[in-house]
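FYI, side chains are in, hydrogens and waters are out, and symmetry mates aren't considered; it's all heavy atoms of this structure. All of these numbers come straight from a predicted model, not from anything done at the bench. Heads up: numbering here begins at 1 and tracks the sequence.
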Amino acid sequence: MTVTGRANLTNRDVLIPVGLVALFLATRILIFRSLQLKAVSFVANDVGYYGFYLNKLSLGETDVMLEYPVPAVWALQAIYWLGGGVETWSPVYVAVFLALDAVIALLMYRRGNAAGSLFWILFTGAQGAIVLHRFDLIPAALVAVACLYALRFPKVAGAAIGLGAAIKLWPALLIGALLAPFDRGRARLLGFIAAGFGLAAASLITSGWTRSASPLTWQSDRGLQIESVPATPLMALRAFTFSERWTIELTPFNAVEVTVGPGVGLMMGVSTVLTAGAVVLTVYLGYRLLRAFRVEDHRSHEAMVLAVLAIVLATVVANKTLSPQYIVWLGGPVAALLVIRRSEWLRSHTVVLAVSMLVVGGLTQLVYPWMVYGLMAVPLGSGPETAVLVLRNLALITLTFYAVWLAIRATRRTTI
């Protein structure tokens with residue numbers, strides 16, 4: 001049955017967006033209902049943490065929130081001012097992030113191909129309340145925009161990466177994957193320079209070098225977070241060998257870390273090596289993209305997004321400070337790939353990536369907040385909770401190798 005009218009809409013054209021809206025609302029209602037449970041209500045505490053220190057900033061204190069880049073603090077201050085101060089900060093903050101979540105789902109929606117929007121809704125929903133209560137959704141959304149519009153609006157895509165880098169640093173690694181072919185990649189590079197370097201310059205001018213560089217110092221001084229991939233062997237040994245040689249502590253970095261025990265220094269070194277490897281991978285994939293593509297088409301777009309996904313996964317796996325909110329970074333490239341994919345060879349791989357990422361998102365919510373107390377248990381970690389963490393991190397490692405293989409295949413010189 002066809003609905004007559006100027007737009008020639010079919011029932012499918014109406015039912016699919018209505019269904020997506022209903023799914024978005026239902027999953028978000030579940031998220032907010034979960035926060036009423038005492039066992040997980042602490043997820044919302046981060047917004048209070050932000051508000052507490054933003055209030056100090058508004059009163060003239062400057063030596064606070066040094067772990068965040070200055071532009072990130074500006075973004076939070078804008079929401080703080082929009083909310084009218086600390087008393088009404090929390091609901092306004094959550095409303096802004098809920099709106100951002102919805103905007104990305106809307107951008108991913110395409111008539112005839114709603115897969116990207118469906119994935120984004122399910123993926124962010126699977127991770128639960130943390131997506132709306134920490135600010136990593138901002139860089140994740142910017143990377144999603146860059147992946148989706150790399151061909152259509154190259155300067156916008158580059159600027160999105162630049163803004164993401166200014167707010168959270170790690171997206172700076174992604175610009176190399178967006179340079180091919182270089183005749184069009186220059187537009188993305190110009191957008192990146194204008195936004196990223198512009199904000200960096202503004203930060204230096206307004207806050208000075210020491211404050212602008214403080215997030216790098218903060219990160220380098222941090223220890224081995226219990227949820228990170230490099231910490232996984234130690235967490236497994238702690239839970240399954242019934243050994244009390246490993247100490248878990250809440251550190252001054254507001255993170256729960258493995259601070260003492262055999263292998264802590266070794267795994268910190270492993271994280272450093274893996275981080276260097278992620279940088280090498282970034283350069284290598286950028287080189288392959290530039291070598292493989294002289295003109296811009298759907299194949300180059302797919303290859304760029306696959307490279308972005310591989311780089312983000314490698315960055316997450318290498319990170320000694322992997323926190324649960326970092327997983328949201330992975331959603332944009334996969335959602336965009338579901339939208340832009342045209343090559344037949346990628347069809348089944350894209351489905352595998354999407355389904356696997358949904359599983360990772362769900363496991364991440366189980367790890368935090370539902371099972372985090374078991375992971376932190378003293379003197380020994382709980383076996384079932386630790387097993388879920390190990391499973392999630394093994395999935396991340398497997399997906400990293402898978403995404404790297406797909407990116408390499410997509411950047412072959414021969415026709416795909």
Under 3.5 Å, is there a donor-acceptor pair between the [X] and [Y] side chains?
X	Y	answer
E249	T259	yes
S207	S212	no
T364	Q127	no
D101	W120	yes
R299	T411	no

Less than 4.5 Å apart, side chain to side chain, heavy atoms only: is that true for [X] and [Y]?
X	Y	result
L396	L330	yes
L37	W370	yes
I138	F97	yes
R288	R412	yes
F32	V94	yes
P69	L169	yes
M268	L224	yes
Y368	V43	yes

Under 6.0 Å from the [atom1] atom of [X], do we count more than 12 heavy atoms belonging to anything else shown?
X	atom1	result
F240	CZ	yes
R291	CZ	yes
F42	CZ	yes

Determine, step by step, whether V388 and E385 satisfy the side chain to side chain contact (heavy atoms under 4.5 Å, CB included) criterion, reporting the C-alpha distance in whole Å, the side-chain angles of both residues, the deciding distance to 0.1 Å, and the verdict.
CA-CA 5 Å; V388 173; E385 287 88 340; 5.9 Å; no

To the nearest 0.5 Å, what is the distance between [atom1] on [X] and [atom2] on [Y]?
X	Y	atom1	atom2	result
S271	R222	OG	CZ	11.0 Å
L375	M235	CG	CE	5.0 Å
R211	M65	CZ	CE	8.5 Å
L142	W329	CG	CH2	13.0 Å
L399	M357	CG	CE	5.0 Å
I340	R110	CD1	CZ	10.5 Å

Against D46, only a single residue in R134, Q325, H133 fulfils side chain to side chain donor-acceptor pair (under 3.5 Å); can you say which?
R134

Of I161, V312, L281, T282, the residue whose pairing with L173 passes side chain to side chain contact (heavy atoms under 4.5 Å, CB included)
T282

Please answer whether the main-chain N or O of [Y] pairs with a side-chain N or O of [X] as donor and acceptor at a distance below 3.5 Å.
X	Y	answer
S300	D297	yes
D136	P139	no
S41	Q36	no
K320	V270	no
S117	A105	yes
R245	P262	no
E257	G223	yes
E302	S343	yes

Do R188 and E296 pass the salt bridge (charged side-chain N to carboxylate O under 4.0 Å, His left out) test, and can you show the C-alpha distance, the side-chain angles, and the key distance before you say yes or no?
CA-CA 13 Å; R188 289 185 282 270; E296 201 164 63; 2.8 Å; yes

The test is side chain to side chain contact (heavy atoms under 4.5 Å, CB included); show your working for E227 and N393 and say whether it passes.
CA-CA 8 Å; E227 295 147 285; N393 287 352; 5.9 Å; no

What pair of heavy atoms forms the shortest contact from [X] to [Y], and how long is it?
X	Y	answer
A377	S382	CB-N, 4.5 Å
Y93	F135	OH-N, 3.3 Å
L285	I408	CD2-CG1, 4.3 Å
L289	A177	CD1-O, 3.3 Å

With under 30° as parallel and over 60° as perpendicular, where do the rings of Y402 and W405 fit, or are they tilted in between?
parallel

Once you measure the plane-to-plane angle for W89 and Y80, does it fall in the parallel (<30°), tilted (30-60°) or perpendicular (>60°) bin?
tilted

Evaluate the side chain to side chain contact (heavy atoms under 4.5 Å, CB included) criterion for residues W74 and V70: first the C-alpha distance (whole Å), next the side-chain angles of each, then the deciding distance (0.1 Å), finally the verdict.
CA-CA 6 Å; W74 291 340; V70 174; 3.3 Å; yes

Pairing residues for R341 by the side-chain hydrogen bond (donor to acceptor under 3.5 Å, both in side chains) criterion, not counting sequence neighbours:
none

Please walk me through it: do S323 and Q225 pass side-chain hydrogen bond (donor to acceptor under 3.5 Å, both in side chains)?
CA-CA 8 Å; S323 292; Q225 188 146 330; 2.9 Å; yes

Do the charged groups of E344 and R347 touch, with an N to O distance under 4.0 Å?
yes

Enumerate the side chain to side chain donor-acceptor pair (under 3.5 Å) contacts for residues 141-150, please, sequence neighbours excluded, ordered by first and then second residue.
none

